[in-house]
**Q** 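Quick one: structure below, then a few questions.
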Amino acid sequence: MAALRPSYRVAARLLQQTRLAPPSTTTLPSRRCGSARFYSSEAPPPPSPPLLQKLKGDLKTAMRAKDAARLSAIRSILAATLNASKTANPITTDLQLISLLKKTRRASADASAEFLAAGRQDLVDKEQAQIDVLDEYVAQSGVEEVTEDQLRVVVQGVIAALTSEAQLTAGKARFGDVMKQLMGPGSPLDGKDVEKAQVAKIVKELTDN
C-alpha cells in the first residue's frame with residue numbers, strides 16, 4: 001500500500017489541477033471590418049415633379065408676401081401630396097399633381113356654393129381666391145389639356161383601328177379594349193390632362209351606339 005501512495009498523490013494533484021484550470025478557449029483569427037461597406041436595400045425616392053418643386057418655392061414667396069389665399073391653397077396641396085407619399089400611390093408626376101389640383105378646386109367650388117347659400121359672402125370670396133390660385137397653377141403646368149371634342153376624335157380613331165383589326169364583340173369594339181388602347185403607356189392620351197371618368201363615359205357612349 002505504501003508503494004501506491006506516491007501515485008495516489010500524483011493522481012490527486014492532477015485532478016486538482018484539472019479542476020482549477022480555466023476552460024480552454026480557441027483563439028479565432030481576427031477579421032478586419034474596416035473596409036466593410038453596408039448598402040441600404042431601400043430604393044431612393046423618386047425625384048419631385050417640377051410643378052411640386054415650384055409650389056414649394058412659391059410657398060416661401062407667399063409667406064414673405066403674406067398672400068393668404070396662395071398660402072392656403074399651396075399648403076393644402078402640399079399636405080395632400082405628403083399624405084399620398086405614405087400610400088401605395090405617391091404623386092410622382094406633374095400629371096398626377098394636376099389631377100390633385102383639380103380635385104382640390106372642385107372641393108373649393110362646392111364649399112363656395114354652400115357658403116353662398118348660407119349668405120356668407122366673405123367665405124365665398126375666400127374660396128374663390130383659392131380657386132383662382134389653383135387655376136393659375138393648372139394653366140402654367142405645361143401639361144396638355146384635352147378638350148371633350150379632341151377626346152371624342154381620339155376615341156373614334158381608336159375604335160376605328162380596333163374595328164379594322166376585327167377586335168369586335170357583336171360587330172362592335174369592346175369597351176375594355178378601347179380603354180386599354182387609350183390609357184396605357186404610349187397611348188394617344190398618355191401624359192395628357194384627361195379625366196378617366198370622362199374618357200370612360202365617351203368610350204361607353206361610342207361603343208354602345
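Scope of the values below: all heavy atoms of this structure, side chains included, with no hydrogens, waters or symmetry mates.
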**Q** Identify every side-chain donor-acceptor pair in residues 72-82 under 3.5 Å, counting partners at least two apart or on other chains, and give the distances.
**A**
from	atom 1	to	atom 2	distance (Å)
Ser72	OG	Gln130	OE1	3.3
Ser72	OG	Gln130	NE2	3.1
Thr81	OG1	Ile77	O	2.8

**Q** Are Ile131 and Ile98 connected in a single hydrophobic cluster, I mean Ile/Leu/Val/Met/Phe/Trp/Tyr linked by side-chain heavy atoms less than 4.5 Å apart?
**A** no

**Q** Taking the side chain as every heavy atom from C-beta outward, state whether Leu162 and Arg174 have any pair of such atoms under 4.5 Å apart.
**A** no

**Q** Is it the case that over 12 heavy atoms from other parts of the model lie below 6.0 angstrom from the NZ atom of Lys102?
**A** yes

**Q** In Å, rounded to the nearest 0.5 Å, how long is the span from CG of Leu97 to OG1 of Thr92?
**A** 10.5 Å

**Q** Each residue besides Phe115 in its hydrophobic cluster should be listed here, by chain and number; the cluster joins Ile, Leu, Val, Met, Phe, Trp and Tyr at side-chain heavy-atom distances under 4.5 Å.
**A** Leu116, Leu123, Val124

**Q** To the nearest 0.5 Å, tell me how far Leu52 CG sits from Gln96 CD.
**A** 11.0 Å

**Q** Check whether Tyr137 and Met63 end up in the same hydrophobic cluster, where Ile, Leu, Val, Met, Phe, Trp and Tyr are linked by side-chain heavy atoms less than 4.5 Å apart.
**A** yes

**Q** Can any side-chain N or O of Ser112 pair as donor or acceptor with the backbone N or O of Ser108 at less than 3.5 Å?
**A** no

**Q** What is the distance from atom CG of Leu100 to atom CZ of Arg105, rounded to the nearest 0.5 Å?
**A** 14.0 Å

**Q** Ion pair present between Lys54 and Glu136, side-chain N to carboxylate O less than 4.0 angstrom?
**A** no

**Q** In Å, rounded to the nearest 0.5 Å, how long is the span from CG of Asp94 to CD of Gln53?
**A** 9.0 Å

**Q** What's the separation between atom NZ in Lys103 and atom CD in Glu195, rounded to the nearest 0.5 Å?
**A** 11.0 Å

**Q** Looking at Glu114 and Ala111, would you say the former's side chain and the latter's main chain have a donor-acceptor pair under 3.5 Å?
**A** no

**Q** Working note: Thr93 + Val143, criterion side-chain contact (heavy atoms from CB on, under 4.5 Å); need CA distance, chi angles, decisive distance, verdict.
**A** CA-CA 10 Å; Thr93 66; Val143 176; over 6 Å; no

**Q** Are Leu95 and Leu55 connected into the same hydrophobic cluster when the rule is that any two of I, L, V, M, F, W, Y join if their side-chain heavy atoms are below 4.5 Å apart?
**A** yes

**Q** In terms of hydrophobic clustering (I, L, V, M, F, W, Y; side-chain heavy atoms under 4.5 Å; direct or indirect links), are Leu151 and Val158 co-clustered?
**A** yes

**Q** Taking Lys192 for its side chain and Pro188 for its backbone only, find out whether a donor-acceptor pair lies under 3.5 Å.
**A** yes

**Q** Can you name the nearest heavy-atom pair linking Ala129 to Ala69, along with the distance?
**A** CB-CB, 3.6 Å

**Q** If you measure from CZ on Arg120 to CD on Glu127, what distance do you get to the nearest 0.5 Å?
**A** 11.5 Å

**Q** Apply the test side-chain contact (heavy atoms from CB on, under 4.5 Å) to residues Thr207 and Val203: give CA-CA distance (whole Å), side-chain angles for both, the deciding distance (0.1 Å), then the verdict.
**A** CA-CA 6 Å; Thr207 53; Val203 170; 4.0 Å; yes

**Q** Report yes or no: do Ile159 and Ile202 belong to one cluster of Ile/Leu/Val/Met/Phe/Trp/Tyr joined by side chain heavy-atom distances under 4.5 Å?
**A** yes

**Q** Assess the side chains of Asp125 and Gln121: does a donor N or O sit below 3.5 Å from an acceptor N or O?
**A** yes

**Q** Is it true that Lys201 and Glu205 make a salt bridge, defined as a side-chain N closer than 4.0 Å to a carboxylate O?
**A** no

**Q** Run Arg70 and Asp58 through salt bridge (Lys or Arg N to Asp or Glu O under 4.0 Å) and show every step you take.
**A** CA-CA 9 Å; Arg70 190 170 298 273; Asp58 288 354; 5.0 Å; no

